[in-house]
Amino acid sequence: MRDLLVMMLLPLLVLLVGLRLAGSSPPPQPVACTSGTTDCTVTNVYGSFPDRTICRAANASFPRTEEELVAAVAAAAAARRKVKVATRHSHSFPKLACPGGRDGTIISTRFLNRTVSVDAAARRITVESGMVLRDLIRAAAAAGLALPHSPYWYGITVGGLLATGAHGSSLWGKGSAVHEYVVGLRIVTPAPASQGFAVVRELVAGDPDLDAAKVSLGVLGVISQVTLELQPQFKRSVKFVTRDDSDFAEKVAVWGGVHEFGDMAWLPRQRKVIYREDDRVDVTTPGNGLNDYLGFRAQPTLGLITARAAEERLEKNGTDIARCLAARLPASLFELQAYGFTNDGVFFTGWPVVGFQHRIQASGTCISSPEDGLLSSCTWDPRIRGPFLYNSGFSIALSKAAAFVADMKRLRDLNPRAFCDIDAKLGILMRYVKASSAYLGKPEDCVDFDVTYYRNYADGEPRPHSDVFDELEQMALRKYGAVPHWGKNRNFAFDGAAAKYPKSGEFIKVKDRYDPDGIFSSEWSDQVLGINGSPNIIGKRCAIEGLCVCSDDSHCAPELGYFCRPGKVFKEARVCSDEKSAAGDDLIDEL
């Protein structure tokens, strides 16, 4: 065990040293073609979709203007080719960007990345849909304005975050979802031959179709431009406080009402909760703080590769005690370095950190550091054999969140060591999202639970305590009626998802009107929207991969001792269990 722990600790310390020193090789482009713009493949930023298949397309287009975008859509519509949009970094885990088959067309918005106009008096900005969030935030700040809410990662594009309903954390005002601040957009959709096979539709505030277009999964067409309502520049005061989780269930129900930008992260094995106290303050408040989150900085690739190799040995040969001891280190290191926050952009001198909204709301410097020949990269870069992860996200009604947390704690208490992998990935992040008018937006005020965990490079290879993760997700989705995040999750999470949105039928009507031939639809989107088929892929070891919920032992790995069994707290769950995860003696932490 000592050798395994040394292997785990050493690369993590290497990473710690390199956090500030590294440049970064920007992530690879998700669209690659073997001959010019033909015979193409498209993937996501992680280099792998949930089903691990390669997504192919006959050709790709890289328009630089709206006119070129219209021409690209028209050409595909005239040829009756399936079309999907790929963004600059393609951060969605599911197959949003895959047209299916080999004959489709990929339209990349990589070069549609400009600011169209800024109206400081009206507090509005219009940008092209391929602009990354980082550049939108900076353009707004240059005009003395601020986007009030956003995801924490600024490498996502404006079109991508609208397609998936991306959000930050807040129940205040209009809430934390970026689409709530959309007051207009231009979208290119297929059209009859008499109209040149493609048209530009301009939607403005008050148009009911805007509620379909501002969270669309990319099935209505290609968004060309987006107009957002901004606010005068303001400052935020941020402080992280770690407490025990004894009153965690009570706190989750009220925390979003106490702090405008508050969130929390639960470390279940350590029985701790990291509370983010984050509020708007007067713009004259002293401070020029900066959020350069450690997890989004460039990391030395050698350290990433070594850390993954050590993690694989722990997963395959390590004991629960070894995994749990190693899992304590990441949270401690992040806390030691203030999670990447500084009071002046260089040094951290203490909480709270006060800074302007555009310097606090999001980060992601690994996409914009100088090219260094892959000596360093974003943590998830698929060109190296570094960390390989699942990312699940689901939202539970605020009124039910406390009960769900209580059930999670009950499951944890049965075998705390089973939760160490969650601690190793910095816990379960909880953010607040307000009910939306968007047809595919959140149907009510909710808490979003976001969890990242180990994924095996080998297809169908079980991992220790995977039953815990699967039971948590099934309990959220089936017992508490959670809705999955459109840009995250494995296949089984989307089964029946559309039925949980009261206005999904209205969305389908708009889709049928905008794209009657289904050019922008795919087998996957039809399954997720409940139009045809199921997102579940039934087969040998499908439940190990999250492609199905097991109903037979063959869906697990019986030859390796993993069988389909009921959940331990949520008995209706069906999970792949090795039946060795019964509660044991409580671990005495030695680190």
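Heavy atoms only: backbone and side chains are in, while hydrogens, waters and symmetry mates are out.
Glu371 places a side-chain N or O within donor-acceptor distance of the main-chain N or O of Gly373, the cut-off being under 3.5 Å. Between the side chain of Asn489 and the backbone N or O of Pro484 there is no donor-acceptor pair closer than 3.5 Å. A donor-acceptor pair is defined here as one N or O able to donate and one able to accept, closer than 3.5 Å; no such pair exists between the side chain of Lys425 and the backbone of Val451. Remark: side-chain polar atoms of Asp279 are paired, donor with acceptor, to backbone N or O of Glu260 under 3.5 angstrom. The backbone N or O of Leu375 lies less than 3.5 Å from a partner atom in the side chain of Thr301, making a donor-acceptor pair. Judged by distance alone, the side chain of Gln474 and the main-chain N or O of Arg574 form a donor-acceptor pair under 3.5 Å. Arg455 places no side-chain N or O within donor-acceptor distance of the main-chain N or O of Phe388, the cut-off being under 3.5 Å.
Between the CZ atom in Arg490 and the CD atom in Glu545 there is a gap of 8.5 Å [rounded to 0.5 Å]. Atom-to-atom distance recorded for Leu161:CG and Trp153:CH2 is 13.5 Å, nearest 0.5 angstrom. Rounding to the nearest 0.5 Å gives a distance of 6.0 Å between CZ of Arg243 and NZ of Lys251.
Of the charged side-chain nitrogens involved, none lies within less than 4.0 Å of a carboxylate oxygen, so that Lys488 and Asp448 do not count as a salt-bridged pair. Ion pairing between Glu461 and Arg52 fails under the 4.0 Å rule for side-chain N and carboxylate O. Between Asp263 and Arg431 there is no salt bridge, since no side-chain N of the basic residue sits under 4.0 Å from a carboxylate O of the acidic one.
Here the two cysteines Cys556 and Cys564 have their SG atoms 2.5 angstrom or farther apart. Cys550-Cys576 SG separation is not under 2.5 Å; the pair is not scored as a disulfide.
Considering only heavy atoms from C-beta on, Leu398 stays 4.5 Å or farther from Glu444 through its side chain. No side-chain heavy atom of Trp172 sits less than 4.5 Å from a side-chain heavy atom of Phe261.
Using bins of under 30°, 30° to 60° and over 60° for the plane-to-plane angle, the ring pair Tyr46/His91 lands in the perpendicular bin. In this pair, Phe296 and Tyr293 present their aromatic rings perpendicular. The plane angle is above 60°, beyond the 30 to 60° band. Note on ring orientation: taking the six-membered ring where Trp is involved, the planes of Phe240 and Tyr339 are tilted (angle from 30° to 60°).
Side-chain polar atoms of Asn44 and Ser90 form no donor-acceptor pair below 3.5 angstrom. A side-chain N or O of His465 and one of Asp320 form a donor-acceptor pair less than 3.5 Å apart.
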Apply the test side-chain contact (heavy atoms from CB on, under 4.5 Å) to residues Arg328 and Gln270: give CA-CA distance (whole Å), side-chain angles for both, the deciding distance (0.1 Å), then the verdict. CA-CA 8 Å; Arg328 293 182 62 86; Gln270 298 180 49; 3.7 Å; yes
For Lys568 and Asp467, run salt bridge (charged side-chain N to carboxylate O under 4.0 Å, His left out): C-alpha distance rounded to whole Å, both residues' side-chain angles, the deciding distance at 0.1 Å, then the answer. CA-CA 9 Å; Lys568 294 180 175 63; Asp467 56 321; 3.0 Å; yes
Show your working on side-chain contact (heavy atoms from CB on, under 4.5 Å) between Tyr453 and Leu389 and close with a plain yes or no. CA-CA 6 Å; Tyr453 47 99; Leu389 307 166; over 6 Å; no
Given salt bridge (charged side-chain N to carboxylate O under 4.0 Å, His left out), test Arg269 with Asp423 step by step and report yes or no. CA-CA 7 Å; Arg269 176 61 193 91; Asp423 283 18; over 6 Å; no
With side-chain contact (heavy atoms from CB on, under 4.5 Å) as the criterion, how do Leu547 and Asp51 come out once you've worked through the C-alpha distance, each side chain's angles and the decisive distance to 0.1 Å? CA-CA 7 Å; Leu547 302 178; Asp51 62 2; 4.1 Å; yes
Stepwise, does the salt bridge (charged side-chain N to carboxylate O under 4.0 Å, His left out) test hold for Asp421 with Arg463? CA-CA 10 Å; Asp421 191 33; Arg463 65 191 190 280; 5.1 Å; no
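Annotation for Lys239: atom NZ does not count as buried by contact number, only 12 or fewer foreign heavy atoms lying within 6.0 Å. Within a 6.0 Å sphere centred on NZ of Lys540, other residues, nucleotides and ligands contribute 12 heavy atoms or fewer.
Exactly one residue among Phe449, Phe248, Trp255, Phe404 makes a ring-ring contact (aromatic ring centres under 6.0 Å, His included) with Trp266. That residue is Phe248.
Between Glu473 and Phe492, the shortest heavy-atom contact is OE1-CZ, 3.6 Å.
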